[in-house]
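Residues take their numbers from the sequence shown, with the count starting at 1. When a ligand or atom number is given, it counts from 1 through the structure's own listing order.
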Amino acid sequence: MDFLVLVKQVPDTEKVKIDPVTGTMVREGLEITMNPLDAHALELVISLKEKFGGTVTVLSMGPMNTVDVLRDAIALGADRAILLSDSVLAGSDTWATSFALAKTIEKLNIKFDLLVCGEKSTDGETGQVGIELATLLNLPVVTYVSELIELGSDFVLIRRSVEDAHEIWKAPLPACLCVLKSVAEPRLPTLAGKKRAMDAKIEIYDTKLVGIRPEEVGLKGSPTRVVKVFNTKIARNCRMYADRDVAEGIERVIELIKTVLEGEAG
Ligand SMILES: Cc1cc2nc3c(=O)[nH]c(=O)nc-3n(C[C@H](O)[C@H](O)[C@H](O)COP(=O)(O)OP(=O)(O)OC[C@H]3O[C@@H](n4cnc5c(N)ncnc54)[C@H](O)[C@@H]3O)c2cc1C
C-alpha cells in the first residue's frame, strides 16, 4: 500500500499575535510547525504502513522553510518528502493551491492508494484543499473522517462524524480522506528517526519543473480574493431586572424579545 499525506506548514498558534490595528496575524518572527491535523493524518498512515507495508510520501506547497516541517515528517516515519516552492505561488487561494498540488502529483507521477489530509489548517481554516484536490484528481473523497475501520486491498471503510451522529462509508481505492484528530494520536520522533531526517533528501521543485504556468497560480490564478480580515465584535446591550416575582420577570423578558423581533422585522 502506498500512502500520500498532505502537510501544510502553519505558524505555531500558541505564539500567534494579532495586530490590534490591522486585525491581521503578525507573521514576523513566528515559529512554524506542522499543521496539527496533518500530524494526526501522518500518524494514521505510518501506523497503516507498519501493518500493511508500503511507502509514505509527504507533499507540501510552501516557502523554503517548509523543509523543516518535512524533515519532522521523515523523523516520524515518512519515506519521501516533496516540496513545491516558488515565488509565483504567493497569493494563491485554495483553488490555486489545490491546482498546484494536483499538477505536482501528476507530473511527478506520485502513486498512492490512499491520499490523506487534515480536515483544515489552523491558519487558513477553509477545509477546502483536500476536497478540491480530490476533485481535480477525480478521486472519491470522504470528509470528517473520525476513524479508519478497515483498509482492504481495494477499499477503505471509515467512520465519519457529522453534527449529532456517525456515518459509515466505504470508498474504492484510490481515495482521499480528510481526517479529524481522533483518527490517530501522533507519536514522538525517535532519536534514530531524527538522525534519518537530518540526512534525508527533501525533493524541492519549482512551478516550471512541474509544468505550471505563472498565470495559473498566485493572484492571477485565484478565483477568490480576501477583501477584508477583521475580528468579529460581539456587542451586548444588557438590561438587568431585579424582579422578585419570577412570573412577572418572565413576562417582561417575553415583551422585550417581542419588541426586539418586531424591530428586526420592521
Ligand atoms: C485570495 C487569497 C490569497 C492568499 N494569499 C496567500 C499568500 O500570499 N500566502 C499564503 O501563505 N497564503 C495565502 N492564502 C492562503 C492560502 O490560499 C491557503 O493557506 C491555502 O490555500 C490552504 O488553505 P487553508 O489554509 O484554508 O487549508 P485547508 O483547506 O483548511 O487545509 C486542509 C488540508 O489541506 C492540506 N493543505 C492545505 N494547504 C496545503 C499546502 N500548502 N500544502 C500541502 N497541503 C496543504 C493540509 O493537509 C490541510 O490539513 C491566500 C488565500 C486566499 C483566499
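- Judged by distance alone, with hydrogens and angles left aside, the side-chain atoms of Asp113 form a donor-acceptor pair with the main-chain N or O of Asp2 at under 3.5 Å.
- Counting heavy atoms closer than 4.0 Å to ligand 1, residue Val5 contributes nothing at all.
- The proximity of Leu6 to ligand 1, defined as any non-hydrogen pair under 4.0 Å, involves the side chain as well as the backbone.
- With a 4.0 Å cut-off on non-hydrogen atoms, Leu59 touches ligand 1 through its backbone and not its side chain.
- Within ligand 1, counting atoms from 1 as listed, the ones closer than 4.0 Å to a heavy atom of Cys117 are 47 (O).
- Those atoms of ligand 1 that come under 4.0 Å of a heavy atom in Gly124, given as number and element, are 24 (P), 25 (O), 26 (O).
- Ion pairing of Lys258 with Glu255 is present here, as a side-chain N (NZ or NE/NH1/NH2) and a carboxylate O approach within less than 4.0 Å.
- For ligand 1, the atoms closer than 4.0 angstrom to any heavy atom of Gly127 are 28 (P), 29 (O), 30 (O).
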Can you give me every donor-acceptor pair (side chain of residues 161-175, partner residue at least two apart or in another chain, under 3.5 Å) with its distance?
| from | atom 1 | to | atom 2 | distance (Å) |
| --- | --- | --- | --- | --- |
| Glu167 | OE1 | Arg160 | NH1 | 3.0 |
| Glu167 | OE1 | Trp169 | NE1 | 2.7 |

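- Of all the heavy atoms of Arg225, the ones lying under 4.0 Å from any atom of ligand 1 belong exclusively to the backbone.
- Shown in contact with Val129 at under 4.0 Å from a heavy atom are these atoms of ligand 1, numbered in order with element: 22 (C), 23 (O), 27 (O), 29 (O), 34 (O), 36 (N), 37 (C).
- For Asp38, the closest heavy-atom approach to ligand 1 falls below 4.0 Å.
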Would Thr55 and Arg80 count as a side chain to side chain contact (heavy atoms under 4.5 Å, CB included) if you check the C-alpha gap in whole Å, the side-chain angles of each, and the deciding distance to 0.1 Å?
CA-CA 8 Å; Thr55 59; Arg80 184 183 179 196; over 6 Å; no
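- Ion pair Glu125/Lys120 flagged as a salt bridge, since at least one NZ, NE, NH1 or NH2 atom sits closer than 4.0 Å to an Asp/Glu carboxylate oxygen.
- To the nearest 0.5 Å, atom CG of residue Asp245 and atom CD1 of residue Ile250 are 9.0 Å apart.
- For Ser92, the closest heavy-atom approach to ligand 1 falls below 4.0 Å.
- Remark: ligand 1 atoms within the under-4.0 Å shell around heavy atoms of Lys120 are 30 (O), 31 (O), 32 (C), 49 (O).
- Between Cys176 and Gly130, the shortest heavy-atom distance links the atoms SG-O, 3.9 Å.
- Counting the atoms of ligand 1 from 1 in the order shown, those under 4.0 Å from a heavy atom of Ser60 are 42 (N), 43 (C).
- Set against the non-hydrogen atoms of Gln128, the atoms of ligand 1 under 4.0 Å away are 29 (O).
- When all heavy atoms are compared, the tightest approach of Val5 to Val45 is CG2-CG2, 3.3 Å.
- For the pair Gly91 and ligand 1, a heavy-atom separation below 4.0 Å is found.
- Counting heavy atoms closer than 4.0 Å to ligand 1, residue Thr97 contributes side-chain atoms (C-beta onward) but none from N, CA, C or O.
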